[in-house]
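Letters A, B, ... mirror the listed sequences (proteins, then strands); counts begin at 1. Every heavy atom of this structure was used, including side-chain atoms; hydrogens, water molecules and symmetry mates were not. Small disclaimer: the values here were computed from a predicted structure and weren't measured.
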Amino acid sequence: MPLHQYHFNASISSSSSTFLAPPSAFASSSRTQNFSLPLRNSEICRCVATPQEAKTPTAYKTSVSRNANIGKLQAGYLFPEVARRRNAHKEKYPDAQVISLGIGDTTEPIPDVITSSMSKKCQALSTLEGYSGYGAEQGEKSLRAAIRSTFYADLGINDDDIFVSDGAKCDISRLQVVFGSDVTMAVQDPSYPAYVDSSVIMGQTGQFQKDVEKYANIEYMNCTPVNGFFPDLSKSARTDIIFFCSPNNPTGAAATREQLTRLVQFAKDNGSIIVYDSAYAMYMSDDNPRSIFEIPGAREVAIETSSFSKYAGFTGVRLGWTVVPKELLFSDGFPVARDFNRVVCTCFNGASNIAQAGGLACLSPEGLKAMREVIGFYKENTEIIVDTFNSLGFKVYGGRNAPYVWVHFPGRSSWEVFAEILEKTHVVTTPGSGFGPGGEGFVRVSAFGHRANVLEACKRFRQLYK
Amino acid sequence: MYKLLICNSTLSDKLFDPGCLHTSFGIRKEKKDHYTNVPRNANLEKLPKGYLFPEISLRQHQHLEQHPDASLISLGIGDTTEPVPDIVTSRMADFASGLSTLEGYRGYGAEQGNKELRKAIAETFYKDVNVKDSEVFVSDGAQCDIARLQLLLGSRVTASVQDPSFPAGDLDHETGRYHRLEYMKCGPENKFFPDLRRTSSTDVIFFCSPNNPTGHAATRQQLEQLVKFAKDNGSIIVFDSAYATYISDDSPRSIFEIPGAKEVAVEISSFSKFAGFTGVRLGWTVVPSELCFSNGFPVIHDFNRVVCTCFNGASNIAQAGGLACLSSEGVRTRVNYYKENAEILLDALASLNIKAYGGQNAPYVWVHFPGMNSWEVFDMILEKANIITVPGCGFGPGGEEFLRISAFGHRESILEAARRLKALFS
């Protein structure tokens, strides 16, 4: 398997967008504007390993040692890397209509009912009665209550088990701070890169083993078509923490009630803590559990994290939540929620009050209806993509319960397929190996996009692979 | 600011709302409870002696129970009170509405922050010291960035903090975040600047100027000493300049005004106290590209990696507001308002011959009650004048005998507080 190496790009890659100028003062730009990033090579970018030392010697160095844990990371975080490639491609082909089905970024406008509440909150901040300063780090009471009643009704979860955040990615790192460096963790393979990367940064892992493309000391639970994307728990070593995402990013697989019951049992038998990522639950078409807490006994073994990002188009607005049940205890009986609360109070200062106002509107009856419509739109996109690859004879997974299509390219390097698709169709996808060695041979096609772009992308796929 | 430990409970004007106190938590000792086999993080294991702000909340609550009709004035928690200028909120409102349109919708932003905002921050605050846009990282606030810096540096680093500082207390036992924690005493006797000859070398030096809670803005000469000290010892200064906009004299507003600082310092700041963004959440950190680890590796590269992995950018609406702030003079008026508040408090205390420090370069007045226990002074002022303050010992042993009075508040409250203090102490 060819080793992927990444450019050490001295200029910091950024994922996307600029602000649209409201009238006058600010430079307006559209999202399709070319970025003026220097192009490293004129050919398709190869990657080089991130050097451990600075390329240019500086006159002075502090005596502070570099954190060896960060040194273990092999490359940049996956999505800025994809963005960097996309930007370089745009530079190379300034006239091409590049379509992004790579980074899972929502594209459709946020429903009015939600933005108007945020607008109102902004305006209220200019009034004496409406001004509010510091909020509770755990989130506004009304929002915590609304999250509970919307997603966790009758599941034995209380309002104060819910911690509002600025997004699941941030919560994952805060959870890692709670757990510390002396725990072991398991992830699905493939999985959302933040679980592994945050674990490395936290010092839970050993070195990256190039031959197997895995970090030592992480248990990678292989999820493939062969095992229905649910790990063989009988072959999984015990770890303290198990990250489990369902519906899954990137495979789109949604675990069944039976599977989750086994997972909860596994965690219980091993005294493990499941960190259950349910950010895509509302995309579920099948009758699978939306929350881990639907499984009896889960409150004693699991934390659930979720997000408004993919439901409300809040990828830029930043709002999510994590549920830590009171029943979840460390080995000495100390409630995990107390330590999480402590970390939330000291490493965080609450989600933006404007975003929280938006969140409350999201969970109103009108807001929920509006969100379901947008989700439905993305699900239609997913169907179109699934149909396209099916018709081309590909083995296609996911798509039914998540806005991701997991396409199999047996025997091929996923970065090569990514590059080929990008070069030949100007469509950005995400290489499966970016999610772990279990993703090799697959490409993730995200279904977020304007309908016209999705249709056009599919047209180009058909041309390429006919 | 770097609340490594201390919970910031929401002290609303009306009701006691201890966001951090979970009295419903008890450790259940029933046998049937399932205990996982996951060991508790040793670093979090030791509880602090008492969280500062929840303790204040508790005393406030008790006071209100005994005196339900008391008209309490809160000059405790450093929370802004005045509305955000229209020019800023209308821009945020427009941006929010824009998210409902095709042209105005924005998804993920760069984790490092919006390009224009980074540029505006560099130009507004660092124009003369050549900080590049690419060295500015927009955050959801200084507290969050400090946690990210901690992730960056890892748990083996040693650190020193000013004493008093926010937060404080027995940090080393309580969080175990730092392998070793040194306290640098700052008081009237040393012009609120530590005697560096008596200070041991640590990897990281936290330095806040203008200072919370003392209000002291370090002089150029003092900061030159600090930079030299860092350079001689190979340390990294984490310079907190969140109150820089409150400076009245010509004290440096940024550590980067000191030559050589770029090789030894990062600077953290926030929109909280000058834009009233305590709830909106926006700040930034400057990591100079010159700053290197001992092996020559640029700190900025790793900070960027942490930002990309552990964070997903500040809210785009907050960032739109930040951009509007920096292009308008409107926010100046709020800072001036709070500074006038501070003056009123300083005048009142001066007229009582009570020694007060700070207040001129920061929205905090640091009042000295020689020989008195700061909790006792806190209790007395609460009991007799119905004013909430913050006992100095909450900021570290160097704060004993002092009281922090915050200058955030509506003018009438400040004037009333001044009246009550005069009545109490004359």
Side-chain angles (χ1 to χ4, degrees), chain A residues 12 14-15 17 20 22 53-54 58 60-67 70 77 80 105-106 109-110 112 115 118-119 122-123 125-127 131-136 167 169-170 173 180 197 240 271 273 300 315-318 329-331 333-335 338-339 345-349 352-355, chain B residues 3-5 7 10 19-20 25 27 34-41 44 79-80 83-84 86 89 92-94 96-97 99-101 104-110 141 143-144 147 154 203 234 236 263 278-281 292-298 302 304 308-312 315-318:
Chain A
I12 289 157
S14 63
S15 310
S17 66
L20 175 74
E53 308 257 331
T58 52
Y60 171 80
K61 306 173 203 180
T62 67
S63 304
V64 181
S65 305
R66 187 184 180 216
N67 184 347
I70 299 186
Y77 187 62
D105 194 6
T106 45
I110 298 174
D112 259 328
T115 56
M118 294 198 287
S119 236
C122 293
Q123 286 159 349
L125 291 172
S126 276
T127 66
Y131 180 75
S132 59
Y134 284 120
K169 187 182 185 192
C170 317
S173 284
D197 287 12
D240 294 307
I273 295 176
E300 296 175 315
T315 42
V317 173
R318 310 306 319 144
L329 308 173
F330 286 114
S331 56
F334 195 84
R338 265 172 88 164
D339 276 351
C345 285
T346 55
C347 301
F348 186 51
N349 233 326
S352 177
N353 51 16
I354 301 165
Chain B
K3 295 194 303 191
L4 293 167
L5 241 221
C7 281
T10 32
C20 261
F25 281 157
I27 301 180
H34 172 75
Y35 288 19
T36 66
N37 290 347
V38 181
R40 189 173 170 216
N41 183 349
L44 293 176
D79 196 3
T80 44
V84 177
D86 255 330
T89 54
M92 291 199 288
D94 285 344
S97 304
L99 293 170
S100 278
T101 67
Y105 179 74
R106 293 287 177 272
Y108 284 119
Q143 175 156 305
C144 317
D203 295 306
I236 294 178
E263 296 175 316
T278 42
V280 174
R281 307 309 317 147
C292 293
F293 290 112
S294 56
N295 65 355
F297 201 80
D302 281 357
N304 184 60
C308 285
T309 310
C310 306
F311 186 49
N312 232 329
S315 178
N316 50 17
I317 303 171

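- Contact between A:Tyr134 and B:Asp79 at its shortest, heavy atoms only, is N-OD2, 3.0 Å.
- Annotation for B:Glu263 and A:Thr62: closest pair O-CG2, 3.6 Å, computed over non-hydrogen atoms.
- Each of B:Val84, B:Asp203, B:Ile236 has some count of heavy-atom pairs under 4.5 Å with chain A, and the biggest count is that of B:Val84.
- Of the listed residues (A:Gly271, A:Cys170, A:Ser65), the greatest number of heavy-atom pairs within a distance under 4.5 Å of chain B belongs to A:Gly271.
- At a threshold of 4.5 Å between non-hydrogen side-chain atoms, the residues A:Asp197 and B:Cys308 do not count as touching.
- For chain B, the nearby parts of A:Thr115 are the backbone and the side chain; heavy atoms of each come within less than 4.5 Å.
- Within the 4.5 Å cutoff, side-chain heavy atoms of A:Ser352 are placed close to those of B:Val280.
- Summarising the geometry, atom SG belonging to B:Cys292 is positioned 11.5 Å from atom CZ belonging to A:Arg66; distances are rounded to the nearest 0.5 Å.
- Closest non-hydrogen pair, A:Tyr131 versus B:Thr278, comes out as OH-OG1, 3.6 Å.
- Note that the CG atom of A:Asp339 and the CG atom of B:Leu44 stand 4.5 Å from one another [nearest 0.5 Å].
- Annotation: maximal heavy-atom pairing with chain B below 4.5 Å, among A:Lys169, A:Met118, A:Glu300, occurs at A:Lys169.
- Of all heavy-atom pairs between B:Tyr35 and A:Phe330, the closest is CB-O, 3.9 Å.
- Of all non-hydrogen atoms in B:Gln143 and A:Phe348, the two that sit nearest each other are NE2-O, 2.5 Å.
- The backbone N or O of A:Gln123 lies less than 3.5 Å from no partner atom in the side chain of B:Thr89, so there is not a single donor-acceptor pair.
- A distance of 6.5 Å separates CZ of B:Phe293 from CD1 of A:Ile70, quoted to the nearest 0.5 Å.
- Put simply, of A:Ala355, A:Ser173, A:Gly180, A:Gly133, the one with the most heavy-atom pairs under 4.5 Å next to chain B is A:Gly133.
- Distance alone, capped at 3.5 Å, is enough to place a donor-acceptor pair between the B:Thr36 side chain and the A:Leu329 backbone.
- Rounding to the nearest 0.5 Å gives a distance of 4.5 Å between CG of B:Leu99 and CD1 of A:Ile110.
- Closest of all the heavy-atom pairs between A:Asp240 and B:Pro39 is OD1-CD, 3.8 Å.
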